[in-house]
Amino acid sequence: QVGLTTGQTYYVQNDGTIGTTIATPTVIAGTAVSQTKLIINATPVAPPAWELISTHVLSGTTKTIDSTGWSNDYAEYKVVYDHIYRQSSFKVWFRVYMDSTSGNTGTLQTGSTYGYGAAYFRCDTNTNQVQGSGWNNQASHILGQNTSLVDYNGHQIFPMKTSGHTSRAIWYGQTRANYEHVYVNDCGFFTPADQSWHVTGMRMDFYNTSNNALISPTSGRVTIMRLK
């Protein structure tokens, strides 16, 4: 390399050359010590990290949370729920939006082809007493094995498929409810009419114990993120 400016930092460009423009991802080629020489160094490329999409602080007025426009430009989407609380017991539903094109808003899937299940144990008793239950042909995924509870914590992860191959929509996570209930791999799926479609979002609903009326938790936080 000739024509370097002494003291100038040079960066690797996307075409493999070096220059003074900072490219993305940022990789430092080195610092010029003469017109023809570089001291070689580099900044490691940052590993993938979760990006914040939205935060929803609950205060007694929110019955439903929607997040749409999910794209397979990202590897996964994650919904985190922290201390979703109501003095009277309630239930938390998850349903998905789907579309033939990833990144679109999509259509909320309201058919009764959801399935879900979890392994369950109490953290205040012997942990070897694990029980598993599952449901099929349901109207939604209901957290905590369809149990009515007052305080929900945990997350659900939605992996994005990169092609239109046929598969059910799937997601998985964990729920910690009240103080003692642990639902390991609290997971769900949906079987669409066209299994080549993509998941493009989710709806989180808060329902009464009979699953026939929406309610509003009095406190808590829901955070939605995505991972490249």
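Positions are given from 1 along the sequence. This is a predicted model, so every value here is computed, not measured.
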Side chain of [X], backbone of [Y]: donor and acceptor closer than 3.5 Å?
X      : Y      : value
Thr101 : Asn104 : no
Thr21  : Gln13  : no
Gln145 : Ala118 : yes
Gln8   : Thr6   : no
Lys161 : Trp197 : yes
Ser102 : Asn72  : yes
Gln195 : Ala193 : no

Under 4.5 Å between side-chain heavy atoms, counting indirect links through other Ile/Leu/Val/Met/Phe/Trp/Tyr residues: same cluster for [X] and [Y] or not?
X      : Y      : value
Leu149 : Tyr116 : no
Val57  : Val79  : no
Val184 : Ile157 : no
Met204 : Ile142 : no

[X] and [Y]: side-chain donor and acceptor closer than 3.5 Å?
X      : Y      : answer
Asn208 : Ser210 : no
His141 : Trp171 : yes
His83  : Asp151 : yes
His165 : Ser163 : yes
Tyr114 : Thr191 : no
Tyr120 : His181 : yes

Any Lys/Arg nitrogen of Arg203 or Asp66 sitting under 4.0 Å from an Asp/Glu carboxylate oxygen of the other?
-> yes
Is any side-chain heavy atom of [Y] closer than 4.5 Å to one of [X]?
X      : Y      : value
Val92  : Tyr81  : no
Phe190 : Arg95  : no
Phe94  : Leu143 : yes
Glu51  : Leu227 : no
Pro217 : Ile84  : yes
Tyr207 : Ile215 : no
Gln174 : Asp186 : no
Trp70  : Met160 : yes

When rounded to the nearest 0.5 angstrom, what is the spacing between [atom1] in [X] and [atom2] in [Y]?
X      : Y      : atom1 : atom2 : value
Met225 : Thr55  : CE    : OG1   : 9.0 Å
Tyr152 : Thr175 : OH    : OG1   : 8.5 Å
Asp73  : Arg226 : CG    : CZ    : 9.0 Å
Ile224 : Ile65  : CD1   : CD1   : 6.5 Å
Tyr77  : Thr200 : OH    : OG1   : 9.5 Å
Asn178 : Thr147 : CG    : OG1   : 10.0 Å

Can you spot which of Thr64, Asn211, Asn146 makes a side chain to side chain contact (heavy atoms under 4.5 Å, CB included) with Trp93?
-> Asn211
What residues join Tyr97 in its hydrophobic cluster, counting side-chain heavy atom gaps under 4.5 Å, either direct or through other members?
-> Leu108
Can the positive tip of Lys63 be found less than 6.0 Å from the middle of the six-membered ring of Phe206, inside 45° of the ring normal?
-> no
Non-neighbouring partners of Asn14 that pass side chain to side chain donor-acceptor pair (under 3.5 Å), sequence neighbours left out | none
